[in-house]
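Taking it in order: structure first as structure tokens, then the write-up.
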Amino acid sequence: QVQLVESGGGLVQSGGSLRLSCAASGRTFSSYAMGWFRQAPGKEREFVAAITWSDGSNDNTYYADSVKGRFTISRDNAKNTGYLQMNSLKPEDTAVYYCAARRSLRLSVIDRAYDYWGQGTQVTVSS
């Protein structure tokens, strides 16, 4: 079992930056692929970014087109923590952001593929 807790959300102006954290407890976090998803009001949950299991030297990442070049996903297995660095934020990035962990070494863009979820953290970008 893995427990995930997100933090770092908040209100930021358009063009600003935020860094979300996802603290994991329970089983060895390094054995799980990790993803970030978001859900805006009235919309379905959508994929944002994912990262495979890593020994720290060979990360494999994947991003939604809407955030590519602006967001960076990373992880620190020693700290059992994942991160989502969000730069050049836009009002359309406003959503609740969720981190998720998957009992696999391979990343996925499908939310059903993830086994554990955090409670979410609100990100609001004002114009």
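A quick note: this is a predicted structure, and the numbers were derived from the prediction, not measured.
- Taking OH of Y83 as the start and SG of C99 as the end, the distance is 12.0 Å to the nearest 0.5 Å.
- Using cut-offs of 30° and 60° on the angle between ring planes, the pair W117 and F37 is tilted.
- Shown here for L105 and A33, the closest heavy-atom pair between the two residues is C-CB, 4.4 Å.
- Atom OG of S108 and atom CZ of R106 lie 9.5 Å apart (nearest 0.5 Å).
- Here Q85 contributes atom CD and R70 contributes atom CZ; the two are 12.0 Å apart, rounded to the nearest 0.5 Å.
- When side chains are defined from C-beta on, M34 counts as touching R75, because their heavy atoms get closer than 4.5 Å.
- Taking CZ from R45 and CZ from R112, the interatomic distance works out to 10.5 Å, rounded to the nearest 0.5 Å.
- In this structure Y98 satisfies the ring-ring contact (aromatic ring centres under 6.0 Å, His included) test with no other residue, sequence neighbours excluded.
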Next item on the list: Go through the steps for R102 and D115 under the test salt bridge (charged side-chain N to carboxylate O under 4.0 Å, His left out), then give the verdict.
Entry: CA-CA 5 Å; R102 180 172 186 241; D115 303 292; 5.8 Å; no
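- For the residue pair A49 and Y63, the shortest heavy atom distance occurs at CB-CD2, 3.6 Å.
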Next item on the list: Check step by step if side chain to side chain contact (heavy atoms under 4.5 Å, CB included) holds for D111 and F47.
Entry: CA-CA 7 Å; D111 58 359; F47 169 78; over 6 Å; no
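- Contact annotation: the side chain of V109 approaches that of Y62 to within less than 4.5 Å [non-hydrogen atoms, C-beta and beyond].
- With rounding to the nearest 0.5 angstrom, the CG atom of L89 is 8.0 Å from the OG atom of S14.
- Considering all non-hydrogen atoms of both residues, N87 and S17 come closest at OD1-OG, 2.9 Å.
- Between Y97 and L84, the shortest heavy-atom contact is CD2-CD2, 4.2 Å.
- For K68, the salt bridge (charged side-chain N to carboxylate O under 4.0 Å, His left out) criterion is met by D65, not counting sequence neighbours.
- Residues V12 and W36 share a hydrophobic cluster, clusters being chains of Ile/Leu/Val/Met/Phe/Trp/Tyr side chains in contact below 4.5 Å.
- Taken to the nearest 0.5 Å, the CD1 atom of I73 stands 7.5 Å off from the OG1 atom of T61.
- For the pair V2/Y32, a side-chain contact is recorded, criterion being any heavy-atom separation below 4.5 Å from C-beta on.
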Would you list the atom pairs, donor with acceptor, under 3.5 Å between side chains in residues 120-127 and any protein atom, with sequence neighbours excluded?
residue, atom, partner, partner atom, Å
T121, OG1, G9, N, 3.2
Q122, NE2, A95, O, 3.4
Q122, NE2, T124, OG1, 3.3

Notebook entry, point to check: Do T81 and D76 pass the side-chain hydrogen bond (donor to acceptor under 3.5 Å, both in side chains) test, and can you show the C-alpha distance, the side-chain angles, and the key distance before you say yes or no?
Noted result: CA-CA 5 Å; T81 302; D76 185 337; over 6 Å; no
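- Between M86 and L20 the shortest side-chain heavy-atom distance falls below 4.5 Å.
- Among all heavy-atom pairs drawn from E46 and R38, the shortest one is OE2-NE, 2.6 Å.
- Checking R103 against Y114 by side-chain atom types alone, no donor-acceptor pair falls below 3.5 Å.
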